[in-house]
Amino acid sequence: IVSQSGTHNCAAGQTCDFTVVGAAGFSDTFTATPALGQRFVGWKNAGTTSLCPGVTGPCTVNLGSTWTTTNGVGHLEPIFAIDLVALLPRDTRGVFQVDPGATGAMVLTPAPTTPWSGRLLILQQYSAGLDISGTADRLVLAQRSDQLDEFILLAQLGSTDFEALTLGADLAALPDYQGFPRWALGDTGLQLARITDTVLVIAPVTALERVLDVRAGTQDSIRPHHAL
């Protein structure tokens with residue numbers, strides 16, 4: 001976290017405490033800078049002591065004349081998430097992504113009356129019966145450049161956890177790859193791998209292993225110079 005004043009910076013992995021003397025009139029702006037391979041989601045809402053809860057840009061803190069020591073402690077905590085596009089291998093062809101908070105994002109989830117077609121049909125097929133489009137905060141559907149009929153589906157889960165998402169699904173455990181657990185998805189020819197507690201990838205085996213190689217640092221990312 002970098003402060004505009006330069007006097008309230010906080011390095012990655014640290015918890016920083018600042019005592020404000022004579023808080024009335026205090027003003028500073030804080031910017032959260034994500035590490036390579038990550039993106040800034042927003043400032044955490046942890047209750048009444050949170051500063052800028054839910055704000056997705058720089059946080060400006062102005063303490064007015066009513067602020068006293070009885071106000072106690074204020075908290076400011078950034079939330080970061082993996083940049084899903086940075087997980088894609090360098091030779092990826094087309095990328096179609098959904099980010100509910102982004103202006104102009106392509107919505108792959110159809111309305112109930114919209115028939116599945118094109119990329120929507122691919123999304124349905126690669127979801128393999130899992131309610132990914134209905135439970136994920138962010139989706140990326142990418143086309144491989146060397147196998148145009150193969151795709152990669154990456155998902156950042158929202159409030160639904162992995163166990164709830166896969167409950168009752170036809171999963172067959174496979175040996176880990178690059179240290180990541182993975183499963184065969186029934187007879188679809190697709191595999192599912194769990195990259196973090198909330199990030200999943202579904203793809204044919206070769207494409208899936210390329211994504212896991214990017215995450216492990218043994219394959220180049222579509223994002224230049226991104227260390228994951």
Side-chain angles (χ1 to χ4, degrees), residues 12-13 34-41 79-99 106 108 119 122-158 160-228:
L36 290 176
Q38 293 188 325
R39 64 186 181 93
F40 173 62
V41 176
I79 302 172
F80 298 106
I82 290 178
D83 179 359
L84 296 186
V85 175
L87 290 171
L88 295 171
R90 184 176 57 184
D91 61 354
T92 302
R93 182 181 174 92
V95 179
F96 314 98
Q97 56 184 314
V98 173
D99 185 348
M106 179 182 295
L108 295 179
R119 289 186 292 272
I122 295 165
L123 176 63
Q124 182 190 44
Q125 292 172 339
Y126 274 62
S127 295
L130 305 177
D131 186 24
I132 290 178
S133 61
T135 58
D137 280 346
R138 182 174 171 82
L139 295 173
V140 167
L141 183 67
Q143 185 180 35
R144 291 184 57 190
S145 60
D146 54 350
Q147 299 290 333
L148 300 185
D149 59 342
E150 290 188 5
F151 290 79
I152 296 167
L153 176 61
L154 288 157
Q156 172 80 56
L157 297 182
T160 300
D161 60 26
F162 178 80
E163 285 74 19
L165 177 68
T166 58
L167 182 65
D170 186 8
L171 301 180
L174 298 170
D176 291 1
Y177 181 81
Q178 295 282 24
F180 300 102
R182 59 176 176 164
W183 297 261
L185 285 168
D187 59 358
T188 64
L190 301 173
Q191 293 186 6
L192 177 152
R194 188 175 183 180
I195 295 175
T196 70
D197 288 345
T198 59
V199 175
L200 310 177
V201 56
I202 296 176
V205 57
T206 302
L208 180 134
E209 289 180 351
R210 287 190 184 182
V211 170
L212 299 182
D213 286 339
V214 170
R215 179 61 177 168
T218 61
Q219 171 85 233
D220 289 338
S221 165
I222 195 174
R223 301 266 204 218
H225 312 301
H226 267 64
L228 297 172

Return a table of donor-acceptor pairs under 3.5 angstrom between the side chains of residues 195-208 and protein atoms on other chains or two or more places apart.
residue, atom, partner, partner atom, Å
Thr196, OG1, Thr198, N, 3.2
Thr196, OG1, Val199, N, 3.1
Thr198, OG1, Gln156, NE2, 2.7

Would you tabulate the side-chain donor-acceptor contacts of residues 183-192 under 3.5 Å, counting partners in other chains and residues two or more places apart, or write 'none'?
residue, atom, partner, partner atom, Å
Thr188, OG1, Leu185, O, 2.7
Thr188, OG1, Leu190, N, 3.1
Gln191, OE1, Arg182, NH1, 3.0

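At a threshold of 4.5 Å between non-hydrogen side-chain atoms, the residues Gln219 and Val214 count as touching.
Residue pairs meeting the side chain to side chain donor-acceptor pair (under 3.5 Å) criterion with at least one partner in residues 172-181, sequence neighbours excluded, are Tyr177-Asp213, Gln178-Asp213, Gln178-Thr218.
Panel note: side chain Ser221, backbone Ala86; a donor-acceptor pair is recorded below 3.5 Å.
In this structure, Leu88 CG and Asp83 CG are separated by 9.0 Å, a value rounded to the nearest 0.5 Å. With rounding to the nearest 0.5 Å, the separation of CG in Leu141 from CZ in Phe151 is 6.0 Å. Within the model, atoms CZ of Phe180 and CG of Leu174 stand 15.5 Å from one another, a figure rounded to the nearest 0.5 Å. With rounding to the nearest 0.5 angstrom, the OH atom of Tyr126 is 12.5 Å from the CD1 atom of Ile132.
Pairing each heavy atom of Gln143 with each of Thr92, the nearest pair is O-CG2, 3.5 Å. The heavy-atom pair separating Leu84 from Leu154 by the smallest distance is O-CD1, 3.3 Å. In terms of heavy-atom proximity, Leu139 sits nearest to Ala155 at CD2-CB, 3.6 Å.
Contact check on Arg194 versus Glu163 returns a salt bridge, with a Lys/Arg side-chain nitrogen under 4.0 Å from an Asp/Glu carboxylate oxygen.
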Legend entry - Test log, rule side chain to side chain contact (heavy atoms under 4.5 Å, CB included), inputs Ser127 and Leu153: CA-CA 8 Å; Ser127 295; Leu153 176 61; 4.0 Å; yes
Inset, instruction - Just do the side chain to side chain contact (heavy atoms under 4.5 Å, CB included) check on Val211 and Ile152 with the steps written out, would you? - result: CA-CA 9 Å; Val211 170; Ile152 296 167; 3.8 Å; yes
